[in-house]
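For reference, the structure is listed below as structure tokens.
Fair warning: this is a prediction, and the values are worked out from it, not measured in the lab. The sequence lines fix the lettering, A, B, ..., with proteins before strands; numbering per chain opens at 1.
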Amino acid sequence: MTRTGAIDPNARGPAAVMFTSGELAARLQAELRGPSTIRIRGLESLDAAGPEQLSFVRDPKFWTMWSASRCGAALVSRRAAESAPPPGDRAQLIVPDADSALIQILSMMSPPPTFEPGIHESAVIDSTATVSKSAHIGPGVVIGPRSFVGERAAVLANSVLGADVSIGRHSVIYPNVVIQDRCILGEHVTLHPGVVVGADGFGYYPDPRTRMPMKIPHIGSVVIEDHVEIGSNSTIDRGKFGATRIGAGTKIDNLVQIAHNCVIGKCCIICGMSGLSGSVTLGDGVTLAGRVGIADNHVIGAGATVGAGSGVMDDIPPGETWLGHPARPGRTALRIIASIQQLPDLAAEVRKLVRSQAGSSQNPIKPPAA
Amino acid sequence: MTRTGAIDPNARGPAAVMFTSGELAARLQAELRGPSTIRIRGLESLDAAGPEQLSFVRDPKFWTMWSASRCGAALVSRRAAESAPPPGDRAQLIVPDADSALIQILSMMSPPPTFEPGIHESAVIDSTATVSKSAHIGPGVVIGPRSFVGERAAVLANSVLGADVSIGRHSVIYPNVVIQDRCILGEHVTLHPGVVVGADGFGYYPDPRTRMPMKIPHIGSVVIEDHVEIGSNSTIDRGKFGATRIGAGTKIDNLVQIAHNCVIGKCCIICGMSGLSGSVTLGDGVTLAGRVGIADNHVIGAGATVGAGSGVMDDIPPGETWLGHPARPGRTALRIIASIQQLPDLAAEVRKLVRSQAGSSQNPIKPPAA
Amino acid sequence: MTRTGAIDPNARGPAAVMFTSGELAARLQAELRGPSTIRIRGLESLDAAGPEQLSFVRDPKFWTMWSASRCGAALVSRRAAESAPPPGDRAQLIVPDADSALIQILSMMSPPPTFEPGIHESAVIDSTATVSKSAHIGPGVVIGPRSFVGERAAVLANSVLGADVSIGRHSVIYPNVVIQDRCILGEHVTLHPGVVVGADGFGYYPDPRTRMPMKIPHIGSVVIEDHVEIGSNSTIDRGKFGATRIGAGTKIDNLVQIAHNCVIGKCCIICGMSGLSGSVTLGDGVTLAGRVGIADNHVIGAGATVGAGSGVMDDIPPGETWLGHPARPGRTALRIIASIQQLPDLAAEVRKLVRSQAGSSQNPIKPPAA
């Protein structure tokens, strides 16, 4: 790519926070081998790291890459420490688990975003709305009648809140989000750009005279509890009556559809492009891998897991892992999938059996065309 | 969830409309059992309803729940009425069908939204555009040259209309919608938030010299006929030439993709996350369940239905139900799906046959690894 | 659809560009049969074309449709030219390949959009941002600190750029796009409406005390190289550290999800509704048909193709075609798919074998229920 301007993305922003190897070791309570004065400005894998970047050695097998790497320092998992080469002029930070330490470092390098209190002059806020003094309202934001934005919450550029919407303390609404009338968000909620909360559910009934689909009004709302995060361009429809509800601590990825009257438990993980039809219930701690579909009215028990790409047409008991389309309990599904892979061989074997059996040749199985 | 502000979502908005049990019975032409003076402010299922909420008994088996419920009144389907317990101090409204009556009530409690005529001062409207005096244009809306917004139509906050766009009477464009140049919407059309109409279709050809994909210009448009409704964040691409067309009365759910030059008939139902490739044709009254994909150039006949999660690689004759991936006629598909569930048993049976047959053991089918 | 206003979509916009049949023949270096004076204002298929529209005859079998068509002229592929009827008062333009010529004509009729230099008065641009004098900034656009917009680039209505964003020369950002902090776009990049670039990746780890999913900070960025095009409402997440990268010339359709730290090669084609999990690598020239899912960390080799609706759970070697769920090499997958279609017959055959074999009837395979 041709360079297009004066901006160097490596020279500013969160990555510009600087720590020495000694400071990092102290903060992580790590054993430091090598110098304590190495300046660290970012993280990178061993093959791509430079002298001011921290990398990681999770496993003894990565020491060869460490030797070839230009990294200034590395997080080293305890189990890799014994076989460590001498650090030389670079630093090794020995920790129980490099992955956990990595997350600590990411948090140190990227303090949660803060937003200046105040309302941008271009925002359009209904005179009956309440915005806390410590909240941030960005340019072009629209806030409808009787809506409420809590302390230290942020509603970023061009997002639109309807009437009677409530945004709890410390919540962050990224740009171009739409939250329709009467939807309620708890505290520490994050909505990424383009999320739509509270559009009408998809419900119609055929007009007896005209055969045209007539709209079923949706007078319910959406309730999103504390610490929920919802990914870009996902859509959460309002209830027909009563609320569509997302339980506290649940995390939803991009391009996910949650239909009207779904009730999602606490601390669920819903990966990208999954879709829940109307009135689906998820217990607490359910995990849906990517691109899962669930037919309407089904109940997924607490702690259950559904594999990627599955289509769920049944209730799933708590704690079970299901997969496939239609989804089946994991052991059954894996046996079926394994059998399918061997199906051409099985068919050949059956043809052989048929041929070898006298008098059974009137209606043989044809070999597949492909 | 910690309470985050002064807003009580149950105390205002559409749900605040109040009827007495007597008024409801009169409007529904229902037989009223019990008091006519019970105040009803909303709807709820039997297990969750309170004294000012209406619930419903579709089937005699729900009378146990009625007895335990705190609901103030219930809609009762005729077939459940015979076995009804005495209403006591609560009301029973006997109707032919509780579901149909429910839709009537939802409509009574939620009159269609109305929007004040006028143009918000922050809207940016080209001097050559025409906006009807009775239309509503929200804050931050942008309307391009020669575009037209009809009588009593509404274009809500931060939506963007390109050049030569036309929006018919009574249509509602929710916030953050984008409608590109030359797209035409009929009357009573509803676009939910984040819908994109009229982006270029996805068409490229390999440049003979550079091997890079070169863009095929898309100079067509999109025509959306009367009474169409399109769900949040769905995308309707413009035609290469000629128009992508959505027929009158068709309803499209969230996160649906309609590619360039699709022609969709009247009164189709397209459920969430379905995707139509280029130049797909749907006859009138086609139903696509959730997450259906259709390969380019195929024709789905009038009144056909495609099951959830199906991948259509063929034309489908009118009136048929297909499902699966690749989709097959329903009966065939169900036989295949049932056979797949039994495949591990079938494979075991074949292994047994092979073992029991002398001289056939050179190349036995291995049991699956899982 | 009832006519809703004064706008005639056929009378203005790109389609209003006019050429005579003689001019078109000269520009295409086509052999002209028939008059050179026919006015052409647009393109249409033979069945729908009118006297001022150009159509095309790719194959001799279409001459019957030509005779019935009202088109004023047609592009004719060389191999159809021999059997051409006399042109009469209409024009035939004989070219080596009608499809290639069609693309040339579309380009002539639709010059790439140009945007007036200047910044709309309603745009909100940080005082530390740099906007080239020849760039176009539309109404309601928001541009954050230190961001950069290159020469002749356009950022259209209500799009939002965070801090330290860079947009290269000639790039077009359509309305309602969001580009978060530190993301870098090359030259001639096109982002269609509703695209989100640079939201946090989807990564959590369970808090050891509370069991709640704790957010893994994403301090990386997104780099989009020259000549990339991304379809409406698609989402490209930022890297955990390091960048999510889209290679030069790659084209991405609508509603596609690219997760954190994916690295996509040059000139890939990613069709609608496909989704890449975290840290997926695509070599140069990879094609993903519609609705493909790829599990995290997998590598798809250069020039590989994945069939529509596939779920990829393995690395794919360069140049291969895979399909199915789980995806398998094309030949294997097609054999499996063909076998599945014949499975009910196979099961019947096995039941017959079992019945005919004495002593083997204790545990017969039941016929499927459907």
Relative to chain A, which segment of B/S122 carries a heavy atom at a distance below 4.5 Å: side chain, backbone, both, or neither? side chain
Identify the two heavy atoms, one from B/S232 and one from A/A199, that lie closest to each other, and give their separation to 0.1 Å. OG-CB, 3.2 Å
Is it the backbone or the side chain of B/L255 that comes under 4.5 Å from a heavy atom of chain A, or both, or neither? side chain
Would you check if B/I269 and A/P213 make a side-chain contact, meaning some heavy-atom pair closer than 4.5 Å? yes
Can you tell which part of A/V149 gets under 4.5 Å to a heavy atom of chain B, answering side chain, backbone, both or neither? neither
Is it the backbone or the side chain of A/D237 that comes under 4.5 Å from a heavy atom of chain B, or both, or neither? side chain
Answer with side chain, backbone, both or neither: which region of B/L54 has an atom nearer than 4.5 Å to a non-hydrogen atom of chain A? neither
For chain B, which of A/G293, A/G311, A/G247, A/A153 has the most heavy-atom pairs under 4.5 Å? A/G293
For B/H325, is it the side chain, the backbone, both or neither that has a heavy atom under 4.5 Å from a heavy atom of chain A? neither
B/Y174 and A/Q180: side chain donor to acceptor below 3.5 Å: no
Under 4.5 Å, counting heavy-atom pairs only, tell me which of B/A289, B/C267, B/P193 racks up the most with chain A. B/P193
Measuring heavy-atom distances to chain A, does B/T250 have an atom under 4.5 Å in its side chain, in its backbone, in both, or in neither? neither
Checking B/N233 side chain against A/T235 main chain: does a donor-acceptor pair fall under 3.5 Å? no
Short side-chain donor-acceptor distance under 3.5 Å, B/N176 and A/N158: no
Shortest non-hydrogen contact from A/M212 to B/H227? CE-CB, 3.7 Å
Tell me every residue that passes salt bridge (charged side-chain N to carboxylate O under 4.0 Å, His left out) with B/D253, counting only those two or more places apart in sequence or in another chain. none
Using side chain to side chain contact (heavy atoms under 4.5 Å, CB included), reason through A/F202 and B/N254 one step at a time and then give a plain yes or no. CA-CA 8 Å; A/F202 191 68; B/N254 297 354; over 6 Å; no
Is it the side chain or the backbone of B/Q341 that comes within 4.5 Å of chain A heavy atoms, both, or neither? both
So what's closer than 4.5 Å to chain B heavy atoms on A/L343: side chain, backbone, both or neither? side chain
Dump the intermediate steps for side chain to side chain contact (heavy atoms under 4.5 Å, CB included) on A/Y205 and B/D99, then the final yes or no. CA-CA 10 Å; A/Y205 69 103; B/D99 285 308; over 6 Å; no
Taking the side chain as everything from C-beta on, heavy atoms only, tell me whether B/L106 gets closer than 4.5 Å to A/K240. yes
With rounding to the nearest 0.5 angstrom, report the OG to CE distance, A/S274 to B/M273. 7.0 Å
Interatomic distance, OG@B/S107 vs NZ@A/K215, rounded to 0.5 Å, equals 10.5 Å
Let me see the working for B/L353 and A/V350 under side chain to side chain contact (heavy atoms under 4.5 Å, CB included), right down to the final yes or no. CA-CA 9 Å; B/L353 283 169; A/V350 172; over 6 Å; no
When rounded to the nearest 0.5 Å, the distance separating CD of B/E229 from CG of A/D200 is 6.5 Å
Is there a side-chain contact between A/F241 and B/Q53 in this structure, where contact means two heavy atoms from C-beta onward sitting under 4.5 Å apart? no
Check whether A/R291 gets within reach of chain B through its side chain, its backbone, both or neither, counting any heavy atom under 4.5 Å. both
Portion of B/I252 that has a non-hydrogen atom of chain A nearer than 4.5 angstrom: backbone
